[in-house]
A.B. asks: 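Submitted below is the structure of interest, expressed as structure tokens.
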Amino acid sequence: MTAIRGTGGGRYDAIVIGGGHNGLVTAAYLARAGKRVVVLERRHLVGGAAVTEEVIPGFRFSVFSYVVSLLRPEIIRDLSLPAHGLEILPLESTVTPMFDGDYLAAWPDADQTRREVARHSLRDAEAYEEYSRLMGLMAMAVKPIIGMIPPDPTSLSPRDLRGLLRVGRHFQSLSAKHFHLLYKLMTMSSADFLDEWFETDVLKATKSASGIIGTFMGPRTPGSAYVLLHHYMGEIDGAFRAWGFARGGTGAISESIGRAARAFGTEVRLDAEVTKVRTQGGKATGVVLANGDELQAPVVVSSLDPKRTFLRLVDEADLPADFVADIRRFRIRGSSGKVNLALSGLPDFTCLPGVGPHLRGAISISPSLEYVERAYDDAKYGAFSRRPYMDIILPSMIDPGMAPPGKHVMSVFVQYAPSTITGGWDDSRRDAFGNAVLDAIAQFAPNIRDVIIDKQVLTPADIERITGLTEGNIFQGELALHQLFFLRPSPGWAQYRTPVRGLWQCGSGTHPGGGIMGAGGRLAALEILGTGA
Amino acid sequence: MTRSLPGTPFHPRTAPLVEGQTWRRWAGFVVASSYELHHDREYHAIRTSAALFDVSPLFKYHVRGPDAVRLVDRVVTRDVAGARVGQVLYTPWCDAAGKVLDDGTVSILAPDFLRVTAADPNYRWLCENARGLRVTVDDASESVAALALQGPNARTILEHATGTDLAGLRFFRLQNALLRGVPVTITRTGYTGDLGYEIWMDASQALPAWDALIAAGTPFGLTPAGILALDVARIEAGLLLLDVDYVSARKALIEPQKSSPLELGLEWTVGFDKPAFVGREALVAERERPAEWRFTGVEVAWEPLEALYTDLGLAPRLPTTAWRTSVPLYAPGSEHQVGYATSGCWSPLLKRYLTLAHLEAPYAEPGRELDMEVTVEHRRKRARANVCALPFFNPGRKRA
């Protein structure tokens, strides 16, 4: 995207700090309402953690975030994102290779999937359909919560009471069975929750993996079941739980939002790092850039994570001490890394040799629950997983434009890679981490090292260094129950406001949280405009 | 690796017959929609000679053990405990709220051996209900192949093919036989409302069984027939179809999508005298209340329908292939919707436009006049329709 590399100072109605997808969404909505808006992005491109970069010549990577499903449909509509270049291609299947040479697959078709699961357990094949249906219903049940500004349950303001009443009525409308299920999802570990449904270990392992992505929890950690649900909330074309891949990588999503924002008149400045939020009398007045330029606006919105916003950009003296303590306590431990591979050919999986439809979907390295839990054990004690859980996709199989003809790119999401490891991350530990990942892949696709042209290994420290995400946490703070909804990021400050008047927050660290969702960005804009519910 | 859906055990015989590559999916298999380019002749074979259907995709469960009857009796609404070996029972089964999960048949093969057929997978449900019982449940869906031989010549053909006198095999009874050397179980059942049999065999014996029936049946006009022909016949027979005429309580997303057996016209299948079965309490309570919904036949009147077309200078267009969409039904001349039809077709035999419909009980008595929504040349119109008792077609030979 060609952005305006504006320089110098200036006066605006609103300044948005950070050109990630949430910052751009907030900017687009504010500009759509006629505000004069500037987005300030530290890097040379928009997107934050949703960027596509040609890291290796000829090979384009969704460097960090790599799939999409949570992007709110109302944002796609409101901002006409397809007209600005958004194209989402289906990511249809998930295949889990097993140690015994077999595999478990979830195909896009219900009959195919039932037949496949029935190879492992007839009972699970039937439970699978019921489970999927119920999780879909649960996602429907929480959808209104996702789309609302969290009411403060301790507040007596008419607005909060109205909001609480809406939440209460909504939950009352659930059947007892569904309410109980929701309660379990909110409290149980994903492994325990899945034990109630299935007997096939590899099936539970693969399902549980979506309960740990991006969090510093294992499948047996209470609370991880909620993340299962969070990942069911994705909606594409009205269907819950549909994952997709953006043509051109996840950067194309950010760019489409950026284009929409600019079409509404937003100025997007690149290479424009904000170092300080200016305040006067407890009120935000503007920002200072690294190059010394100052910009003024009565509204300053930060899309950065809560720690970066409040502990780095704002003068601590401008914040109440208990709020600062809350933000310091906010759990944001990074738990994942990323390995991007440029390949001369396709990986050959022992369980499904050759080229096949499995290479157009996700490949989950989660052969057993114990494997995933042990991967967590390593992390718990300050090491990266010797045998990590991985979520692998080959974007060039879905969008050939991502690699030169006949060649491929492979995206490997790796968990666990703790943000702080014993001894700290350095080049040799990064190399060791990269090797552990390739070893783990080679267990199932022995030719992997033969087809690698080049690789990029990203530790949480690298993710933080490049994107600015504190501790490299992809959700800007863990999706744990104690920091969701009216507690995200801090009790009393979950409505996108901050203790500094005129300073707002709109990142994934706000309700409803992470993924390329954009919901925080949209709700923040509605709140700033005073049109939120 | 192939992800293709498999054909049935009869696929090597059926595949070469499909002239237009018109396949459809049924329970994870591919089966012929019709063998010829149009299903006309296949339909007429059902009513005038005999048709041979591959019904192997049905889900089949073998329940064995001293408590086999107890388990099935506990799950389904029919009184299985009161039935004898050699009987076949058509029955729905319900969840605890008395809402229908599925429907199928129960064949009592031996005192400790029952076969349950179903439209949807039910292995998990049977197993869950089998806790504490001395019983094993096996999924025989793939190991047992099945053919339906339906039509007025069905008995003659089967007698020729098996060398067995079938005059004593009554409606909804079963008998074992050898079909040119292949051991089969013959049940006098079907989905056409005609004289007919279903023939169950080990999947490995499917091809010789098919060949034997074709050889014996061809002189009597036996015609392989696909699902499109079957669909017309089952509407004439007033037989409902899961996922088309009703939604399984297991799959319903909201309460109103569910139906009780009473609301589906299946009150006769509910063994209220049985001491216990899944859903009994709810059904007993429901019987005490006036019914809210009825499942019944609705016939679209010919002349008013024809007039809608003649007004535009067109000849009437009739659904020679059955439709499976939901069509609103109204109180006559009003905007008050009183129900919806879920299946419909033109009956080439009866020369009537037939539909199966859910109606609010006060509008469901036979003869009641209704309006059905029809689209004539892109515009919504109302066609006159009348409630009819089911079945529409019920020949004496069916039970004779």
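Source: prediction; values computed, not measured. Every chain is numbered from 1, with letters handed out A, B, ... down the list of sequences.
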A.B. asks: Is it true that A:Asp111 and A:Arg114 have a side-chain N and a carboxylate O under 4.0 angstrom from each other?
C.D. replies: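 Salt bridge between A:Asp111 and A:Arg114, a charged N being under 4.0 Å from a carboxylate O: yes.
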A.B. asks: With a 4.5 angstrom heavy-atom cut-off, is it the side chain or the backbone of A:Leu122 that approaches chain B, or both, or neither?
C.D. replies: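 For A:Leu122, the contact with chain B is made by backbone and side chain together.
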A.B. asks: Mind checking which of residues 138-145 of chain B sit less than 4.5 Å from chain A, heavy atom to heavy atom?
C.D. replies: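 Only B:Asp139, B:Glu142 of residues 138-145 of chain B have a heavy atom under 4.5 Å from chain A.
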A.B. asks: So which heavy atom on A:Tyr128 is nearest to which on A:Val117, and how close?
C.D. replies: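 Heavy-atom minimum between the residues: CD1-CG2, 4.2 Å.
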A.B. asks: Using heavy-atom distances under 4.5 Å, tell me whether A:Asp109 contacts chain B through its side chain, its backbone, both, or neither.
C.D. replies: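 The side chain, not the backbone.
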A.B. asks: Under 3.5 Å, side chain of B:Ser56 to main-chain N/O of B:Ala146, donor-acceptor pair present?
C.D. replies: yes
A.B. asks: Determine whether the side chains of B:Asp102 and B:Trp125 contain a donor N or O and an acceptor N or O closer than 3.5 Å.
C.D. replies: no
A.B. asks: Sort A:Arg123 into side chain, backbone, both or neither according to what part of it lies under 4.5 angstrom from a heavy atom of chain B.
C.D. replies: both
A.B. asks: Charged N to carboxylate O under 4.0 angstrom, A:Glu130 versus A:Arg133?
C.D. replies: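 The answer is no: the pair does not qualify as a salt bridge.
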A.B. asks: Does any heavy atom of chain A fall under 4.5 Å from the side chain of B:Asp120, the backbone, both, or neither of them?
C.D. replies: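 No part of it gets close to chain A.
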A.B. asks: State which residues pass ring pair (Phe, Tyr, Trp, His ring centres under 6.0 Å) with B:Phe113; sequence neighbours excluded, sorted by chain then number.
C.D. replies: B:His62
A.B. asks: What residue among B:Thr269, B:Thr117, B:Asp103 forms side-chain hydrogen bond (donor to acceptor under 3.5 Å, both in side chains) with B:Tyr90?
C.D. replies: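 Output: one option passes, namely B:Asp103.
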A.B. asks: What do you reckon, is CZ of A:Phe99 surrounded by more than 12 foreign heavy atoms closer than 6.0 Å?
C.D. replies: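 More than 12 within 6.0 Å, yes.
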A.B. asks: Under a 4.5 Å cutoff for heavy-atom pairs, which residue among B:Arg124, B:Arg25, B:Arg250 has the most contacts with chain A?
C.D. replies: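 The answer is B:Arg124.
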